[in-house]
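Worksheet: one structure, shown below.
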Amino acid sequence: MESQAVFSVIEVVLNRPLFQCFDYKLEGSYADDIVGARVEVNIAGSREIGIIYKVKQDSSLPFAKLKSARLLDKKDIFAPDVHKMLSFASKYYLYPLGQCYVSALPKLLRDGKEAAYGEIPALAATKEGLEADVKNIKAKVQAQILTLLKEGPVRRKELRERGFSAQAENALIKKGFAVKVNLALSLKATQSTAAPSVLKEEPPVLNPEQSVAVEAICAAKGYQAFLLNGVTGSGKTEVYLQVIAAVLRKGQSALVLVPEIALTPQTFERFYNRFNVPVSSMHSALSDRERLDAFLDMQRGGPAILIGTRSALFTPIPNLGLIVIDEEHDGSFKQTDGFRYHARSLALVRAKAAGCKIILGSATPSLESVENALCGKFTKLDLTIRAGGASLPQFKLIDLKNEPLTPGIKTGIGLELENRIGEETARGNQVLLFLNRRGYSHHLFCPHCGKIFTCPNCDNPLTVHKNEGRLKCHVCDNVFAMPVVCPDCGSREFMENGYGTEQVEEFLRLRYPDVGIERIDRDSVNSKAELEKRLERIKEGKSKIMLGTQMLAKGHDFPDVTLVGILDIDSGLFSDDFRALESTAQLLTQVSGRAGRAQKQGDVIIQSYHPENELLNRLITPNIAYFDIALDLLLIRKNLNLPPFSYQAFLLSNSEDRVKAFAYLQELNSCLQKKAGTYEGLSLGPVISDKMEKRHNRYHFHILVTAIRRDVLNAFLNETVKIEQDNPPKNDVRFAIEVDPLFLY
DNA sequence: AGCACGCCGACT
DNA sequence: GTCGGCGTGCTC
């Protein structure tokens, strides 16, 4: 008698651009608890990793047609709330489910590696180290590290995040106080030590506003969303920390999403120092192995905290009690390629699915969130008191129209700002100058024939970078040699137009030769570590003038800054993107928040050629908070039927072949135009080329779809996908749908 | 997205 | 004669 093998039928999602699942057979008898486990399967001749979506009694296909799958996990490697979020996301963003699932996994799991810890490099104190008196170690950093090690081994990843250099670690090893260890084996022990308290340090006393906020959030039962609207320096983070503490005490875990730019040692330090529970992180600076470790850390369960950027949202966290989205207005929560999701939107879905609370925190909330607060979907909590009694800065708007032609104004610094920089630095104060434009000159041209040097891959003028002696494309990051001879007319003379941070720095060095200047932008700062080093130098007061782009605008505290100068606000006031005013208001508020954070009164000087501009004047009026301006901007949106009062999507195509990219969308558009009429309140635009039609050597076209109702938009996009599948793009044409775009194309 | 199958050009 | 170009169509 031959024993009859028992098979289960499973429905598997795969990493393919298909809106369908595939049935496989699996030897053995399985129940629903393997939904969410990975399998290795054969699909169309290639091996692939898939995820079990359903366990079924039988397939609609003949059993003989089913190939067999190999089970890679014993159970679900996701979590119920993550499953719900991903199913939602696939439908909402019209992105294939399998690809949503795959995006949610760390690369090693995507590649079929075992869901288990590898070696975790850590540092541990030696016996000598444990016995040594930290006070006897002169090197400050080494002493800090040893203090940590005395409590137990610490991962090198954590030490790195907290800003400790490998140098300091090695010095400790050399002294015989520390030793490199592999933590993987001892991990279980570390975990099971039942901590008597979730807190490592005594939390500070809250001010009344913070207490109200913490109590309100802690009182929430099940799902509830809070908009924590707190001015810069009002202690939003402390509110998060105390709510997290309450969540941990209930045995639950917390997920904290921050913008990429906020992953600083100070941020990590506050969490690592405060809590007696495992703190993990998930962000782009980690290796594949470290990402898997963080995934497993959380999957294990038990009260824990995960801090990370948008992709951390997909990490399985059993017993999730709280999601925090810090700086919720930040654009980096939106993914702009592949699975084009917005982490804020999906976080709300996940919180609902998990039945937990969610805090969206910002000094400058997005208009979407402001609207949600107004219509009662979010509970708004305000923090208006700045710590240490710091007052809000004084604004001064300077009209550049009749400015004398000084060397300064050529690099965007008017006489009054120039003088104020001199005064403040002479008093020993610091100055922060903001210009959102990197490089030396905006572009280079030939005065004889008028040729402007542009990127061969993009429709974009090349920026002059004098220090490097090269031309750079800020769209595709390609670099080019400085021309010697004009390729069009043979002239050997060139002229530059427009200024960037590099040129402003050059002027400042000539003008204030004895004042330390720190330029902070993507060209002058290569790594996170270097940024930290430079910011440290600023905080120690070695440099008096800071000049930078976005990089400098957010998060960092500079207590001695008494003057903030905004060199060019105008580019943010006159834009064809309806979100420009919102982001300008946010940026201005955030940059201004850098001034006067301690005892010193701060001033903000805004230079403009349009000082009569209404928004600008409202922004600088004392006592008009960002929120009031947000309300004004919302009213404008409402009158024009713009988001969040309508819903948008883009149909995008691109190809190396300009004609093919256009033709594909044109064909799609003519099909869709016939159907658009049956969708109420829906408008379908024509095919137009992107503002920057050519980038990365490809030609880009788009169609804008707008609807008054979300469900109508979604239904229409479903029809679009159907048509796309019947007539898929050929050759090298790529097609994509972007729902809720943040930038217009 | 892969990958196989299939039908036309310049190579030993 | 055949190696290989990439156009088309399918994947449990």
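Note on naming: letters A, B, ... go to the chains in the order of the sequence lines (proteins, then strands), and numbering restarts at 1 for each one. Small disclaimer: the values here were computed from a predicted structure and weren't measured.
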TODO: Any chance you could list the contact pattern along nucleotides 3-9 of chain B? Use B for base contacts, S for sugar-phosphate-only contacts and - for none, protein heavy atoms under 4.0 Å, 5' to 3'.
DONE: S------
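- Atom CG of A/Asp726 and atom P of C/dT8 are 16 Å apart (whole Å).
- Take A/Tyr341 and apply the ring pair (Phe, Tyr, Trp, His ring centres under 6.0 Å) test, not counting sequence neighbours, and it matches A/Phe314, A/Phe339.
- Rounding to whole angstrom units, CG of residue A/Asn727 and P of C/dG7 are separated by 17 Å.
- When the salt bridge (charged side-chain N to carboxylate O under 4.0 Å, His left out) test is applied to A/Asp523, the partners found at least two apart in sequence or on another chain are A/Arg438, A/Lys472.
- Between the P atom of B/dG2 and the CG atom of A/Leu14 lies a distance of 12 Å, rounded to the nearest Å.
- Taken residue by residue, residues 49-65 of chain A places heavy atoms nearer than 4.0 Å to DNA chain C at A/Leu61, A/Lys65.
- Within residues 15-27 of chain A, the residues approached by DNA chain B to less than 4.0 Å at the level of any non-hydrogen atom are A/Arg16, A/Pro17, in residue-number order.
- When side chains are defined from C-beta on, A/Ile49 does not count as touching A/Val39, because their heavy atoms never get closer than 4.5 Å.
- In this structure, CD of A/Gln99 is placed 14 Å from C1' of C/dT11, rounded to the nearest angstrom.
- Atom CG in A/Leu66 sits about 6 Å away from atom C1' in C/dC12, given to the nearest Å.
- In terms of the side chain to side chain contact (heavy atoms under 4.5 Å, CB included) criterion, residue partners of A/Ser68 (sequence neighbours excluded) are, by chain and number, A/Lys25.
- With no hydrogens or angles considered, a side-chain donor-acceptor pair links A/Glu719 and A/Tyr679 at under 3.5 Å.
- Identified under the ring-ring contact (aromatic ring centres under 6.0 Å, His included) test for residues 68-94 of chain A, with sequence neighbours left out: A/Phe78-A/His83, A/Phe78-A/Tyr101, A/His83-A/Tyr101, A/Phe88-A/Tyr92.
- Whole-Å rounding puts the A/Asn731 CG to C/dG9 P distance at 13 Å.
- Residues satisfying the ring pair (Phe, Tyr, Trp, His ring centres under 6.0 Å) criterion with A/His465, sequence neighbours excluded, are A/His474.
- For A/Ser655 and A/Asp657, the side-chain atoms include no donor-acceptor pair closer than 3.5 Å.
- The distance from atom CD of A/Glu48 to atom P of C/dT11 is 15 Å, rounded to the nearest whole Å.
- Shown for residues 660-672 of chain A: no residue has heavy atoms falling under 4.0 angstrom of DNA chain C.
- In this structure A/Tyr223 satisfies the ring pair (Phe, Tyr, Trp, His ring centres under 6.0 Å) test with no other residue, sequence neighbours excluded.
- Using bins of under 30°, 30° to 60° and over 60° for the plane-to-plane angle, the ring pair A/His702/A/Tyr745 lands in the tilted bin.
- A/His700 meets the ring pair (Phe, Tyr, Trp, His ring centres under 6.0 Å) test with no other residue; sequence neighbours excluded.
- Ion pairing between A/Asp76 and A/Arg38 fails under the 4.0 Å rule for side-chain N and carboxylate O.
- Taking A/Ile452 as the reference, A/His443, A/Phe445, A/Thr454, A/Pro461 meet the side chain to side chain contact (heavy atoms under 4.5 Å, CB included) condition, with sequence neighbours excluded.
- Going from atom CG of A/Asn42 over to atom C1' of C/dC10 covers 15 Å, rounded to whole Å.
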